[in-house]
Undergrad: 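Okay, here's the structure, questions in a sec.
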Amino acid sequence: MNQPTTLFEKIWNAHVVAQEADSPAVLYVDLHLVHEVTSPQAFTGLRQKGLRVRRPERTVATIDHSVPTRPLSFPITDELAAKQIQQMETNAQEFGVRLYGLDSQQRGIVHVIGPERGFTQPGMTIVCGDSHTSTHGAFGALAFGIGTSEVEQVLATQCLLQRKPKTFEVRVEGKLSPSVLAKDIILALLSKIGIGGATGHVIEYTGSAIRSLTMEERMTICNMSIEGGARAGMIAPDDFTYEYISGREFAPNGAKWDESVRRWRQLRTDDGATYDKSIVLNAQELAPMITYGTNPGMGIPITGHIPQPEHMGDSSRKLALEKALAYMGLQPGKPLLGQPIDVVFIGSCTNSRISDLRLAASLLKERKVAPNVRVLVVPGSMEVKRQAEMEGLDTIFKAAGAEWREAGCSMCIAMNGDQLEPGQYAVSTSNRNFEGRQGKGGRTFLASPLTAAAAAITGKITDVRTLISN
Amino acid sequence: MTQFQKFTSRVVPLLINDIDTDQIIPARFLKATDKLNMGKNLFADWRYLPDGSPNKDFVLNKPENSGAQILLAGDNFGCGSSREHAPWALSGFGFRAIMSTSFADIFRSNALKNSLLPIVVEPQVHSELITLVQNTPNASLTIDLTNQIVQLPNGKSVSFPIDSFSKTCLLNGVDELGYLLRFEEKIKEYERTHS
């Protein structure tokens, strides 16, 4: 009888090509996603060494970080961005890699289009030069971010050198209260374990609350695993997973589909398998969350109070909190409710899918954005944009006074001209509230699409539950 | 990759926890398509004032720290994005080793591929180093990777862990891609049996 193993171990073991003594494993990569920011130096490396892309058909490229999202903002006026995007086009053409380029009607954020087109499938190893690659773990894949040297390694060999990470079970049991979303689960987890709490580990999310989430909600959770330092986040596939994948462009079909689903059903942690670490959250106890500081672990329930430095225990954590509050211009011990804001950003690989936009629109419908608040709604892909427009969501956003944009990373990383001004406050559905992340001097509150929409309407941090009549 | 050799240098303390890669190099500098001149944008938003002039209060701008090759950082250095521009900027600036109680996984992996040594020390040793740098600002440390020790000015030395593969790669200047390419037959075999 085989030793019981975890989901992670099953996928890991199935992808080890070689393992020499005292060396990391040579791990095979099934799907390599590529974007314009972290790949140019890797392609240059290939050229210098006279190497080719080993498996172009397992490599998929898009442009998302540098690309403008204002309609009619082409040609691109930012010279560096234009050059970087042009370089991606040249590299894709020269090395025979499929690219969803500027003129593609399927382009979008790499972690949105991977699942959307059906590239992302259970049991796969998936990498990308982007830390939010953990998103794809929602399908029961082992998916993680890599650096540019590793991008070059995968392009050349379809393999990576990896040390086996440890495992961390995050079990979420029970039923979520109304207006508490997947984003609130992950922000609550991060507030408990901290920004380095999962370093060296692969998280597997389990429990009844996770099982009842849709695929898009699962992606939101796995997406932010990296914010706890995790190597990856994953969720065992189930009927929701197969239903999502079925019929997508690059999904298996016919007899291959049945065979795939049979294989995918084996992808679960065996009874009796153990994790190196574990934590249990009660879904019922969770409230809408919001961050107050400069890393995603600095979060509180929306009705909570900003922590006080003197309660932090060790001196370095006290110092970190003082520094964060000074940057944010916030007072310890005070509530965040009522804090005025300048900008609302609804988008990013965390929360830019159709269900996120539907939620935001449900609140903004027949309401107006508060005066002096700028609201950007940026769909994760051109496909999401089309779907939203078919459902009339764009009309709701525009009627409310929000800006309706083209697909891209936009203000999550502020590389494309969409950015905060110094000192501005934003409620953002993105994943990082680091200093300057959304623009130099900008100050970010991370929250769910509902909490973001609530702030858009009132112009201040608001408990969305007070705007929803039962 | 260049061979990592024993060296002695002053230490710059940057004792902030959870320094993320957006601080190490802000995203607006990631539009480059090469690795050149990354050092000038290292810690750009802390190092320069809004008008672009150097922030005299920032530790890297203090004249006495000029040329230092060792950075002593707070816990969990390099968290956040996977950008390899972070070690490119640190190396470009002249750093050869970073000391902390812990490093984010992707940063650590990226650093090792760029002859930049992430040295993990116990919290106790970290505190000792902080005291040392505070009491003797011009103190120098010697980093000896072969013997996996850091020599302190008082004659004491502390050992640090590193896996033997990374150590061999650093000391011999071995490029991981070169190592991987040797597995061509095994990769072919894997592809034959797993298609």
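To find a chain, count down the sequence lines: A is the first, B the second, and so on, and within it residues start at 1. The basis for the numbers below is simple: all heavy atoms, side chains too, and nothing from hydrogens, waters or symmetry mates.
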Undergrad: Whether the side chain of Ser102(B) engages the backbone of Asn76(B) through a donor-acceptor N/O pair (distance < 3.5 Å, no angle test) should be reported.
TA: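 Looks like yes, one N/O pair under 3.5 Å.
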Undergrad: Which one wins on heavy-atom pair count under 4.5 Å against chain B: Ile226(A), Asn295(A), Ile146(A)?
TA: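 Winner by heavy-atom pair count: Ile146(A).
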Undergrad: Considering only heavy atoms, which portion of Ile16(B) lies under 4.5 Å from any heavy atom of chain A: side chain, backbone, both, or neither?
TA: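 Contact with chain A: side chain only.
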Undergrad: So, Glu36(A) and Lys31(B), do they make that salt bridge, N to O below 4.0 Å?
TA: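 Here Glu36(A) does not pair with Lys31(B) in a salt bridge, since their nearest N and O are not under 4.0 Å apart.
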Undergrad: So which residue, Val17(A), Asp130(A), Thr294(A), ends up with the most heavy-atom pairs under 4.5 Å with chain B?
TA: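 Result: the option with the highest number of such pairs is Val17(A).
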Undergrad: Tell me the residues of residues 431-438 of chain A whose non-hydrogen atoms fall below 4.5 Å from those of chain B, in number order.
TA: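 When heavy atoms of chain B are the reference, residues 431-438 of chain A contributes Arg432(A), Phe434(A), Glu435(A), Arg437(A) within the under-4.5 Å range.
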Undergrad: Who pairs with Phe103(B) by ring pair (Phe, Tyr, Trp, His ring centres under 6.0 Å), at least two apart in sequence or on another chain?
TA: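 Ring pair (Phe, Tyr, Trp, His ring centres under 6.0 Å) check on Phe103(B) returns nothing, list empty.
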Undergrad: Of all of His65(A), Gln41(A), Gln87(A), which one pairs up most often with chain B through heavy atoms under 4.5 Å apart?
TA: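 Answer, by heavy-atom pair count under 4.5 Å with chain B: Gln41(A).
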Undergrad: Quick check for you: among Leu30(B), Asp34(B), Leu180(B), which has the greatest number of heavy-atom pairs under 4.5 Å with chain A?
TA: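 Most pairs with chain A among the choices: Leu180(B).
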Undergrad: Around Arg317(A), counting heavy atoms of other residues, nucleotides and ligands shown, do more than 12 lie under 6.0 Å from its CZ?
TA: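 No, CZ of Arg317(A) has 12 or fewer neighbouring heavy atoms, counting only those of other groups under 6.0 Å.
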Undergrad: Checking heavy atoms, do the side chain of Lys167(B), its backbone, both or neither come under 4.5 Å from chain A?
TA: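 No part of Lys167(B) comes within 4.5 Å of chain A.
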Undergrad: Any salt bridge between Asp163(B) and Arg108(B), counting N to O under 4.0 Å?
TA: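 The answer is yes: the pair qualifies as a salt bridge.
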Undergrad: Less than 6.0 Å separating the ring centroids of Tyr179(B) and Phe165(B)?
TA: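 That pair passes the under 6.0 Å test.
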Undergrad: Identify which part of Ile187(B) has an atom lying under 4.5 Å from any heavy atom of chain A, answering side chain, backbone, both or neither.
TA: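 Contact with chain A involves both backbone and side-chain atoms of Ile187(B).
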Undergrad: So, using salt bridge (charged side-chain N to carboxylate O under 4.0 Å, His left out) as the criterion, who are the partners of Lys35(B) when residues are at least two apart?
TA: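 If we apply the salt bridge (charged side-chain N to carboxylate O under 4.0 Å, His left out) test to Lys35(B), skipping adjacent residues, there are no hits.
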Undergrad: Just by distance, with hydrogens left out, do Lys113(B) and Ser109(B) show a side-chain donor and acceptor under 3.5 Å apart?
TA: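 Result is yes, a qualifying pair exists.
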Undergrad: Using a strict threshold of under 4.0 Å (side-chain N to carboxylate O), is an ion pair present between Lys188(B) and Glu185(B)?
TA: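 A salt bridge links Glu185(B) with Lys188(B).
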Undergrad: When rounded to the nearest 0.5 angstrom, what is the spacing between OG1 in Thr133(A) and CD1 in Ile106(B)?
TA: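 So the OG1 of Thr133(A) and the CD1 of Ile106(B) are separated by 7.5 Å.
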Undergrad: Is it the backbone or the side chain of Glu176(B) that comes under 4.5 Å from a heavy atom of chain A, or both, or neither?
TA: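 The answer is both parts of Glu176(B).
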Undergrad: For Asn110(B), is it the side chain, the backbone, both, or neither that has a heavy atom closer than 4.5 Å to a heavy atom of chain A?
TA: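 Only the side chain of Asn110(B) comes within 4.5 Å of chain A.
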Undergrad: Using heavy-atom distances under 4.5 Å, tell me whether Tyr190(B) contacts chain A through its side chain, its backbone, both, or neither.
TA: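 Looking at Tyr190(B), just its side chain touches chain A.
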Undergrad: Decide yes or no on side chain to side chain contact (heavy atoms under 4.5 Å, CB included) for Leu171(B) and Gln3(B), but give the supporting numbers first.
TA: CA-CA 5 Å; Leu171(B) 287 173; Gln3(B) 294 181 353; over 6 Å; no
Undergrad: Does any backbone or side-chain atom of Thr199(A) lie under 4.5 Å from a heavy atom of chain B? Answer side chain, backbone, both or neither.
TA: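 For Thr199(A), the contact with chain B is made by backbone and side chain together.
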Undergrad: Does anything in residues 121-145 of chain B reach chain A? List residues with heavy atoms under 4.5 Å apart, or say none.
TA: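 The stretch does not come within 4.5 Å of chain A.
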Undergrad: Among Val202(A), Asn13(A), Leu27(A), which one satisfies side-chain contact (heavy atoms from CB on, under 4.5 Å) with Lys164(A)?
TA: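 When Val202(A), Asn13(A), Leu27(A) are each tested with Lys164(A), the side-chain contact (heavy atoms from CB on, under 4.5 Å) holds only for Asn13(A).
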Undergrad: Most heavy-atom pairs under 4.5 angstrom with chain B, which of Lys49(A), His132(A), Arg54(A)?
TA: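 The answer is Arg54(A).
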Undergrad: Strictly below 4.0 Å, N to O, side chains only: are Asp105(B) and Arg163(A) in salt-bridge contact?
TA: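 Result for this pair is no, no salt bridge flagged.
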Undergrad: Is chain A contacted by the side chain of Glu189(B), its backbone, both, or neither, given a heavy-atom distance below 4.5 Å?
TA: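 No part of it gets close to chain A.
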Undergrad: Does Arg83(B) come within less than 4.0 Å of Asp22(B), counting only side-chain N to carboxylate O?
TA: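 Yes, this pair counts.
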Undergrad: Report which part of Ser81(B) has an atom under 4.5 Å of a heavy atom belonging to chain A: side chain, backbone, both, or neither.
TA: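 It is both, since atoms from each part get that close.
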Undergrad: Quick one: CG on Leu90(B) to CZ on Phe43(B), what's the gap to the nearest 0.5 Å?
TA: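 CZ of Phe43(B) is found 5.5 Å from CG of Leu90(B).
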Undergrad: Can you find a heavy atom in the side chain of Thr157(A) that is under 4.5 Å from one in the side chain of Leu181(B)?
TA: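 Of all side-chain heavy-atom pairs linking Leu181(B) with Thr157(A), at least one is under 4.5 Å.
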Undergrad: Taking every non-hydrogen pair under 4.5 Å, which of Lys83(A), Glu150(A), Met88(A) racks up the most with chain B?
TA: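 Sorted descending by pairs with chain B, the first entry is Glu150(A).
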Undergrad: Which bit of Thr168(B) is near chain A, if near means a heavy-atom gap under 4.5 Å: side chain, backbone, both or neither?
TA: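 Neither part.
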Undergrad: Out of Ser39(A), Ser149(A), Ala230(A), which one racks up the most heavy-atom pairs below 4.5 Å with chain B?
TA: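 Top count of heavy-atom pairs under 4.5 Å with chain B: Ser149(A).
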Undergrad: Given side chains that start at C-beta, do those of Glu84(B) and Asn114(B) come closer than 4.5 Å, heavy atoms only?
TA: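 Side chain of Glu84(B) against side chain of Asn114(B), heavy atoms only: contact under 4.5 Å found.
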Undergrad: Can a salt bridge be assigned to the pair Glu64(B) and Lys62(B) using a cut-off of 4.0 Å between side-chain N and carboxylate O?
TA: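 Between Lys62(B) and Glu64(B) there is no salt bridge, as every charged N stays at least 4.0 Å from the carboxylate O atoms.
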